[in-house]
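Each remark here refers to the structure printed beneath this line.
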Amino acid sequence: MLRAGNLVACRSFFEGEKMKAKQYFEDALRAALTRMDLPWPEKTLIEPPRERKFGDYSANVAMLLAGPAKRKPRDLAEELAADLRGQSTHFERIEVAGPGFLNVTFAQGFWHTILDDVQAAGAAYGASALGKGRKVQVEYVSANPTGPLHIGHGRGAALGDSLARLLRKTGHDVSCEYYINDAGRQMRILGDSVWLRLRQLSGQDIPDLEDFYRGDYIKDIAARIYRENPDIFNLPESQAIDICFREAVDEILAGIKQDLRDFRVGHDVWFSEKSLVDAGKIDAAFADLAGRGLSYEQDGALWFRTTDLGDDKDRVLKKSTGELTYFASDIAYHRDKFERGFDRVIDIWGADHHGYVPRMQAAVEALGHKGQLQVILVQLVSLLKDGEQVAMSTRAGKFETLADVVAYVGADAARFLFLSRKSDSPLEFDLELVRRKSMDNPVYYVQYAHARVHSMLAKAREAGIAPAQPGAAACAHLGTPEDLELCRLMERFPDIVAAAAETLAPHVVSHYLGELAAGLHKYYTQHHVLSAGPEVASARLLLLSCVAATLAAGLELLGVSAPERMDQVSEDAA
RNA sequence: GCCCUCGUAGCUCAGUCGGAUAGAGCACAGGAUUCCUAAUCCUGGUGCCGCAGGUUCGAUUCCUGCCGAGGGCACCA
């Protein structure tokens, strides 16, 4: 029952919004197979073939069916082709090729309908209801408030933000969250570090500590506290350190928030670890685990029986010193997430935490939410400047901050680079390369394509030429191979968005935008628009404004601006 | 020692559930602008898809082993 309902919902969604050509082909194939009394193979693949000469779309059904049906793939394909030729109207050509591929080419008129779709949808082009309104949380960055964000955090920030955009676009109810580790050992060290600097500043001769934060920003914070609280040395030391700690966290966190804003990244919720502790959520989580028989005490410590869940070793929740482990608050935190009603939780972590993933998965499973947590690991960013590696270490105070990098290369260029690579492979970030406004820099290639169209639209307005409305009259002027190529490219966009959202991989969008931009640039050099006569000009303006809308919709998903003039871009990276 | 990720063109990287002759950008060489922005376009060629087996109509893709790189195996965070 439920199944049937879903199927219907899916169907209407596909017809309206997903790749219409693909769906049309699939429907035709299904009907043909039914007529031939053959099943629909689960592993059927319908996709644009690598080479254009094989047509617009290609299906491998005949090869999949050949084995079970004990037939030759090519014979089967020929039979299918013959059936399809007699049944459907939108195909211009239906061919059998290679080992048994069934290749189809759509008629021009079919491609022209894309213009209606893009024009009608505008900025919403590519949107879908795939997520069915499910509540999803994306937690990302979550850097300890012990120093400014560095370039690696930037990669996670760009990814998390883009994923949220993708998930929203595909019909999910998304909430972005930043987990603030403001409890525990790191925070004690932070307080101590500021207190140390403060005492040194007041003239006390105290040697540096072994293990403390030594960045200049610590000195600055200490100096400000000293200025604002000249009598701080009259307080008991514990109270003074507490002031240092609180001031430091507040200031550093404010800086982090500012850096993220400048990078166009916004979290909906800033969740404090300390609040979790204060609200007794840790104890509640412990009780939960104990109730499930998954914890025990030994050697004065509280243990989580993760070996029951496939771990090779049980893990400590509360140390014999009474201190909580990171694991303990993470369990309580994730328990809280699901209590807040999220159907699905996505965490973005640095790849150095990958050993932690199975443990966290086990914990979530133990709490009854198996399969509802997805962890995405983001690999290291190695920062290069003039070819040489720039070292990064928060503790040592040597780092290239995100803010510095963004100021140097611009948010657009940084985001585009981060989002044009798979997150699980290491990334090389060459400051000079990313800063350069040239063709080595794909972001400008894409932005330029968008700006080019708007430049033409502006010129057209001056000349009194308006883009045509979609329809037969305009489409009669859009029959060149380049016209149709742009339509084909635009038609793929909704599928690209869906695939990127499903696989949580924004880089699919970046690569697609590169292709679409290339199509536009090629078109530009081959076809004049404004001087082509009023009717042709306005038909082409319609086509190109649809391309611009698609480019803008794609860039929006990456959080990269879609400028109407390129001189607006140069101000971004001064 | 055990576990995870990765290994694709000179460089940076794509390659979806196994499909047709493995792609793009950069770099290199040559060409295109009386006309909407040359931040553009066109033409050139390069691969033991780390190695060796296995699975099958077909493997860069899946399985096993090996080599190489990085990371992880705490009462650290």
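Lettering of chains follows the sequences in order, A, B, ..., and the numbering in each one begins at 1. Source: prediction; values computed, not measured.
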(request) Kindly confirm or rule out a cation-pi arrangement of A/Arg452 over A/Tyr524, judged by NZ or CZ under 6.0 Å from the six-membered ring centre and within 45° of its axis? (result) yes
May I ask you to say what [X] touches in the nucleic acid, namely base, sugar-phosphate or nothing, with a heavy-atom cut-off under 4.0 Å?
| X | answer |
| --- | --- |
| A/His527 | base |
| A/Asp330 | nothing |
| A/Pro358 | nothing |
| A/Asn60 | base |
| A/Asn144 | sugar-phosphate |
| A/Ala499 | nothing |
| A/Lys318 | nothing |
| A/Arg565 | base |

(request) Would you say whether A/Phe101 stacks on B/A20? The test is a distance between ring centres of less than 5.5 Å and an angle between planes of less than 30°. (result) yes
(message) Ring centres within less than 5.5 Å and planes less than 30° apart: is that true of A/Phe54 and B/A20 in this structure?
(response) yes
For atom [atom1] of [X] and atom [atom2] of [N], their distance in whole Å:
| X | N | atom1 | atom2 | answer |
| --- | --- | --- | --- | --- |
| A/Tyr512 | B/A24 | OH | C1' | 16 Å |
| A/Asn103 | B/G19 | CG | C1' | 12 Å |
| A/Glu482 | B/C36 | CD | P | 20 Å |
| A/Gln526 | B/C35 | CD | C1' | 16 Å |
| A/Asp495 | B/C17 | CG | P | 13 Å |
| A/Arg421 | B/C26 | CZ | P | 13 Å |
| A/Leu102 | B/G19 | CG | C1' | 14 Å |
| A/Glu47 | B/G18 | CD | C1' | 11 Å |

Between [options], which nucleotide gets closest to the side-chain atoms of [X]?
| X | options | result |
| --- | --- | --- |
| A/His507 | B/G15, B/A77, B/C36 | B/G15 |
| A/Ala97 | B/A14, B/U5, B/A20 | B/A20 |
| A/Tyr524 | B/G19, B/C6, B/C36 | B/C36 |

(message) Is the shortest side-chain heavy-atom distance between A/Leu163 and A/Ile348 below 4.5 Å?
(response) yes
(request) Check whether any side-chain heavy atom of A/Phe493 lies under 4.5 Å from a side-chain heavy atom of A/Leu516, and answer yes or no. (result) no
(request) Tell me, with the steps shown, if A/His528 and A/Arg540 meet side chain to side chain donor-acceptor pair (under 3.5 Å). (result) CA-CA 9 Å; A/His528 273 274; A/Arg540 288 181 176 169; over 6 Å; no
(message) If I pick the C1' atom on B/U5 and the same atom on B/G50, what distance separates them, to the nearest angstrom?
(response) 16 Å
(request) Could you tell me which non-hydrogen atom of A/Leu489 sits nearest to which non-hydrogen atom of A/Glu515, and how far apart they are? (result) CD1-O, 4.0 Å
(message) Which heavy atom of A/Asn181 sits nearest to which heavy atom of A/Pro145, and what is that distance?
(response) O-CD, 3.5 Å
(request) Could you say whether A/Leu324 or A/Lys522 is positioned toward the 5' end of RNA chain B, judged by the nucleotide with the nearest heavy atom to each? (result) A/Lys522
(message) Let me spell it out: for each of A/Asp314 and A/Leu427, pick the nucleotide of RNA chain B with the closest heavy atom. Which residue's pick is nearer the 5' end?
(response) A/Leu427
Quiz question: going by heavy-atom distance under 3.5 Å, is there a donor-acceptor pair between the base of [N] and the side chain of [X]?
| X | N | result |
| --- | --- | --- |
| A/His521 | B/C41 | no |
| A/Ser58 | B/A20 | yes |
| A/Ser320 | B/C75 | yes |
| A/His354 | B/G72 | no |

(request) Mind telling me whether A/His450 and A/His454 have parallel, tilted or perpendicular rings, with 30° and 60° as the class edges? (result) tilted
(message) Could you walk me through whether A/Tyr179 and A/Tyr333 satisfy the ring pair (Phe, Tyr, Trp, His ring centres under 6.0 Å) test, starting with their C-alpha distance in whole Å, then the side-chain angles of each, then the deciding distance to 0.1 Å, before giving a yes or no?
(response) CA-CA 9 Å; A/Tyr179 183 55; A/Tyr333 178 41; 3.9 Å; yes
(request) Decide yes or no on side chain to side chain donor-acceptor pair (under 3.5 Å) for A/Glu432 and A/Tyr408, but give the supporting numbers first. (result) CA-CA 9 Å; A/Glu432 298 309 323; A/Tyr408 193 65; 2.9 Å; yes
(message) Output the pairing pattern of RNA chain B as a dot-bracket string, 5' first, Watson-Crick or G-U wobble with both distances under 3.5 Å, | for cross-strand pairs, [ ] for crossing pairs.
(response) (((((((..((((.....[...)))).(((((.......))))).....(((((..]....))))))))))))....
